[in-house]
Asker: 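Before we start, here is the structure in question, set down as structure tokens.
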Amino acid sequence: MARPDLLDPVLGDLDTRIREALAVAGLPDADPELEKPKQPEHGDWATTAALRLAKPAARNPREVAQLIVDHLEVPEVVDEVSIAGPGFVNFRFAHRYHEDLVRQVVAAGPRYGRSVKPEEQRRAVNVEFVSANPTGPLHVGAGRWAATGDAIAELLEAAGDTVVREYYVNDAGEQIRRFGESVVLVATGQDLGDEHYRGRAIVGVARELVETHGDGLFDVQPGDDDVVGDETAGVQHRDGVLDDHEVAETRPPAGERAGPAAADQRVHPGVSARVGVLGVEVMRRRIEHVLHTMGVDFDVWFSERDGLHGTGAVEATVAELRERGQAYEADGALFLRTTDHGDDKDRALIRSDGRPTYFAADCAYLRDKWSRADQLYYLLGADHHGYVDRLRAAAACLGVPEDRVEIRIGQLVNLLRAGEPVRMSKRAGETVDLDEVIEEVGVDVVRYHFLRQGLDTTIDFDLAVVAQQSMENPVYYVQYAHARINSLIRTADERGFDHGTLDEVDLSLLTHPAELELLTAMAQLPLVVAQAAELRATQRLARYAEDLAGTFHRFYTECRILAPADATDEQRAEQEAVGRARYWLAVAAKQVLANALGLLRVTAPERM
RNA sequence: GCCCCCGUAGCUCAGUGGAUAGAGCACCGGCCUCCGGAGCCGGAAGCGUAGGUUCGAUUCCUACCGGGGGUACCA
């Protein structure tokens, strides 16, 4: 678990001393796991070590707590140590600790909340997310993976790891030919079959291709005859998460998916393949653009076609798996022994007709990533959960340690409007894509809505609700707190408020309960960030931001900073000293709010 | 059939084995002659059911009930 001692020297010292006390008392070693008591009156920090040591020490928890307290060399900064409840050891810190916090926050600025890992614990993490098929526009569901994957990447960086954000572009195989075929038919005004991709996006791609390449694009060209028997034949991939109502829009009907589909006789397969490659790139760029509007910028767009099939990586991977003795032939096909590693059945790598399966490409991709990173994180939608076991098994077959491959499944998103499912009318080609939702409600709302809920809850995204600028949208609550502080600072400047410098201000005047609560809330950020990163749980940080905003609003309501505009000189003078301390507290609180929002990559507006 | 996720306040959701289970919305009642009322304070209201493990279970295990998703030498 996150070690507060790595985040804060004062907590680090306390952590060390508790460990020493355990040793001196003859108790087993244990991580003190310093935490914030739920009730403020219990103190500033607490350890549960006694509770967890009760069993190994064969004593009751309160006795163990007493032993710890008896042997603890209490740090100077701790004013009070107490035992409470079943065996908590609570610490109340001297006021000086809180005063230091304000200075620490202001000094660290945007870095407050981030931490550094010791070299040996630092990981190069590859975070793969979204990876939607480039054969259609991004749906709302993909927005969830975009927001979540991006924020998790940010959290990991904040916790001291290095991160690569990666998008796997599934641009090889049968689906590309079919996509190209669809584009050709659309561009030449012919009817589409049930197996074809359709919708505004296809029309847009067709139009753009004609503009850039001319009509000759659709004529048979030299080389087009070579593509028959495409060696990459393969695959439609983990296409992000589709709303169930939307699946039919981008995925050919089930009946069409069995086996290599018969090519449409109206279009030369070579033309389809060539146009497909071009069209997919156009679509990919559009996806890239939408993600960019969402604030998500990938470091690597990994092309299956260029990166795996084009480099022989698939063959090399299959060869390695054979060498490792993890593959065997049966019925003319080649299978991977995934059942040795927890899968239900062995999976085919090479079909009996010699073509590699999609799974083979997946193995090659995993191997490629493992050569570039030492921790692999996959964020997949629940519609791909059936894929998890074989992916884990593939990693095991390739010799990747179990704890270095993390595959997380997120539940899907239901798109609603005023409680009614937004149904996709296939005939009308009516869909609601991610870019339209962003347009309608704004990036921050979309991102935050996805980030404040855990990955394993299904999210209802109701356009009617989310469009309201009210507390149905907690992001506004947090942003409002930030804007409000900014307004406060602005007003202070306008009135010529003399806030002095942080060095000279007397922060010991911050004694109001609302001030102390704000201070202790601010002190939590580094720990919250570390825990959120460790758990890959963005909602931890979002909920923290909401709590912090609430704590600030209470402080704001109860504690005046500026004297009233019509105050007498006496009132003004009286207010001045404490007002200065509060001013700096507000400045620090603004920084913490900005940092929390920044880690979620949600904007912290100066005014709204 | 098998696998995965969920079930916490009227609603939407937090809560990595610990103290009195928390927010928002909705409802009821209050709050500044003054720094942004997109705010603050108060009230009422809850762990699906039954077992088990544990000093301690919303949390872990089993069964059941209810809801959602997935199940291919497919692409």
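Both backbone and side-chain heavy atoms feed into the values below; hydrogens, waters and symmetry mates do not. Owing to the predicted nature of the structure, the values given are computational and were not obtained by experimental measurement. Residue numbers start from 1 in every chain, and the chains themselves are labelled A, B, ... in the order their sequence lines are given, proteins ahead of strands.
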Asker: Polar atoms only, N or O, under 3.5 Å: list the protein pairs with nucleotides 2-11 of chain B and their distances.
Answerer:
from: B:rC3; atom 1: O2; to: A:H385; atom 2: NE2; distance (Å): 3.2
from: B:rC4; atom 1: O4'; to: A:H385; atom 2: NE2; distance (Å): 3.2
from: B:rC5; atom 1: O4'; to: A:Q411; atom 2: NE2; distance (Å): 3.4
from: B:rC5; atom 1: O2'; to: A:D456; atom 2: O; distance (Å): 2.6
from: B:rC6; atom 1: OP1; to: A:D456; atom 2: OD2; distance (Å): 3.2

Asker: Which of the following nucleotides, B:rC35, B:rA38, B:rA72, is nearest to the side chain of A:K345?
Answerer: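 Of the options given, the side chain of A:K345 lies nearest B:rA72.
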
Asker: Using a heavy-atom cut-off of 4.0 Å across all strands, would you classify A:R347 as base, sugar-phosphate, or nothing?
Answerer: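 Since only primed, P, OP1 and OP2 atoms lie under 4.0 Å of A:R347, the category is sugar-phosphate.
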
Asker: Just the atom pairs and distances: protein N or O near nucleotides 17-26 of chain B's N or O, under 3.5 Å.
Answerer:
from: B:rG18; atom 1: O6; to: A:L51; atom 2: O; distance (Å): 2.9
from: B:rA19; atom 1: OP2; to: A:K38; atom 2: NZ; distance (Å): 2.8
from: B:rA19; atom 1: N6; to: A:N90; atom 2: OD1; distance (Å): 3.2
from: B:rA19; atom 1: N1; to: A:N90; atom 2: OD1; distance (Å): 3.2
from: B:rA19; atom 1: N1; to: A:N90; atom 2: ND2; distance (Å): 3.0
from: B:rG24; atom 1: O2'; to: A:M471; atom 2: O; distance (Å): 2.9
from: B:rC25; atom 1: O2'; to: A:E472; atom 2: OE2; distance (Å): 2.7

Asker: For A:R554, report the nucleic acid contact type (base, sugar-phosphate, nothing); a contact means any heavy atom under 4.0 Å.
Answerer: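 Touches sugar-phosphate only.
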
Asker: Quick one: does NZ or CZ of A:R390 land under 6.0 Å from the six-membered ring centre of A:Y387, within 45 degrees of the ring axis?
Answerer: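 Yes.
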
Asker: When all nucleic acid strands are considered with a 4.0 Å heavy-atom cut-off, which category describes A:A542: base, sugar-phosphate, or nothing?
Answerer: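 Nothing, no nucleic acid heavy atom in range.
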
Asker: Which nucleotide sits closest to the side chain of A:Q539: B:rA38, B:rU54, B:rG15?
Answerer: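 Per side-chain heavy atoms of A:Q539, the pick is B:rG15.
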
Asker: Please report the distance, rounded to the nearest Å, between CG in A:D362 and C1' in B:rC74.
Answerer: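 Those two atoms, CG and C1', are 14 Å apart.
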
Asker: How far does the P atom of B:rU62 sit from the matching atom of B:rA26, given to the nearest Å?
Answerer: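 Pairwise P distance, B:rU62 against B:rA26, rounds to 41 Å.
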
Asker: At under 4.0 Å between heavy atoms, what does A:A333 touch on the DNA or RNA strands: base, sugar-phosphate, or nothing?
Answerer: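 If one applies the 4.0 Å heavy-atom cut-off, A:A333 turns out to touch a base.
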
Asker: Return the nearest nucleotide to the side chain of A:R484; candidates are B:rU16, B:rA38, B:rG39.
Answerer: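 So the side chain of A:R484 is nearest to B:rG39.
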
Asker: Does A:T357 make a side-chain donor-acceptor contact with the base of B:rC73, cut-off 3.5 Å?
Answerer: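 Donor-acceptor pair under 3.5 Å: no.
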
Asker: Between A:Y583 and A:F497, how do the two ring planes meet: parallel, tilted or perpendicular, split at 30° and 60°?
Answerer: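 Rings of A:Y583 and A:F497: tilted, as their planes differ by 30° to 60°.
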
Asker: Determine the Euclidean distance between corresponding C1' atoms of B:rC25 and B:rC61; express it in Å to zero decimal places.
Answerer: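 After rounding to an integer number of Å, I get 36 Å for this pair.
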
Asker: Find out whether A:V478 and A:Y448 are in side-chain contact, i.e. whether some heavy atom of one side chain is under 4.5 Å from a heavy atom of the other.
Answerer: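 Yes; the side chains approach each other to less than 4.5 Å.
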
Asker: Between atom CZ in A:F552 and atom P in B:rG37, what is the gap in whole Å?
Answerer: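 Checked: the CZ to P distance equals 11 Å.
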
Asker: Between atom CD in A:E606 and atom P in B:rG36, what is the gap in whole Å?
Answerer: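 After rounding, the gap between these two atoms is 14 Å.
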
Asker: Suppose we call two aromatic rings close when their centres sit under 6.0 Å apart. Are A:Y477 and A:Y480 close by that rule?
Answerer: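 Not close enough - the centres of the two rings lie 6.0 Å or further apart.
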
Asker: Taking A:D353 for the side chain and A:R355 for the main chain, is one N or O donor matched with an acceptor at less than 3.5 Å?
Answerer: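 Yes: the side chain of A:D353 pairs with the backbone of A:R355.
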
Asker: For A:Y556 and for A:A348, locate the closest nucleotide of RNA chain B by heavy-atom distance; then report the residue assigned to the nucleotide nearer the 5' terminus.
Answerer: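 Comparing both residues, the 5'-ward one is A:Y556.
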
Asker: Within this structure, what is the CZ-to-C1' distance between A:F555 and B:rC35, rounded to whole angstrom?
Answerer: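 Distance check: A:F555 CZ to B:rC35 C1' gives 10 Å.
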
Asker: So, A:R582 and A:E515, do they make that salt bridge, N to O below 4.0 Å?
Answerer: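 A salt bridge links A:R582 with A:E515.
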
Asker: Could you work out the separation of B:rU58 and B:rG52 based on their P atoms and round it to a whole Å?
Answerer: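 The answer is 14 Å between these two P atoms.
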
Asker: Under 6.0 Å between ring centres, would you say that holds for A:F450 and A:F461?
Answerer: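 Yes, ring centres under 6.0 Å apart.
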
Asker: Under 4.0 Å between any heavy atoms, over every strand shown, what does A:T491 touch: base, sugar-phosphate, or nothing? Just pick one.
Answerer: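 If one applies the 4.0 Å heavy-atom cut-off, A:T491 turns out to touch the sugar-phosphate alone, with no base involved.
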
Asker: CG of A:L585 versus C1' of B:rC35: gap in Å, rounded?
Answerer: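 In whole Å, B:rC35 C1' lies 14 Å from A:L585 CG.
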
Asker: For B:rC28 and B:rU33, measure between their C1' atoms and round to the nearest Å.
Answerer: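 Here B:rC28 and B:rU33 have their C1' atoms 28 Å from each other.
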
Asker: For the side chain of A:L535, starting at C-beta, report the closest nucleotide among B:rU16, B:rG36, B:rG15.
Answerer: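 The listed nucleotide nearest to A:L535's side chain is B:rU16.
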
Asker: Is B:rU53 paired to anything, Watson-Crick or G-U wobble with both distances less than 3.5 Å, and if yes, which nucleotide?
Answerer: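 With both distances under 3.5 Å required, B:rU53 matches none.
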
Asker: Using a 4.0 Å heavy-atom cut-off, does A:R540 contact any base of the nucleic acid, only the sugar-phosphate backbone, or nothing at all?
Answerer: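 Base: the residue A:R540, judged by heavy atoms under 4.0 Å, touches a nucleobase.
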
Asker: Grab the NE2-P distance between A:H384 and B:rG69 for me, whole Å please.
Answerer: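 The distance from NE2 of A:H384 to P of B:rG69 comes to 15 Å, rounded to the nearest Å.
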
Asker: What residues form a side-chain hydrogen bond (donor to acceptor under 3.5 Å, both in side chains) with A:R284, not counting sequence neighbours?
Answerer: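 Partners of A:R284 under the side-chain hydrogen bond (donor to acceptor under 3.5 Å, both in side chains) test: A:E281, A:E288.
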
Asker: Pick base, sugar-phosphate or nothing for A:G87, based on heavy-atom distances below 4.0 Å to the nucleic acid.
Answerer: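 It contacts nothing in the nucleic acid.
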
Asker: Between A:K55 and A:S352, who's closer to the 5' end of RNA chain B by nearest nucleotide?
Answerer: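 Whichever sits nearer the 5' end wins; that is A:K55.
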
Asker: How long is the line joining CD1 of A:I485 and C1' of B:rC35, in whole Å?
Answerer: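 My rounded result for the distance is 12 Å.
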
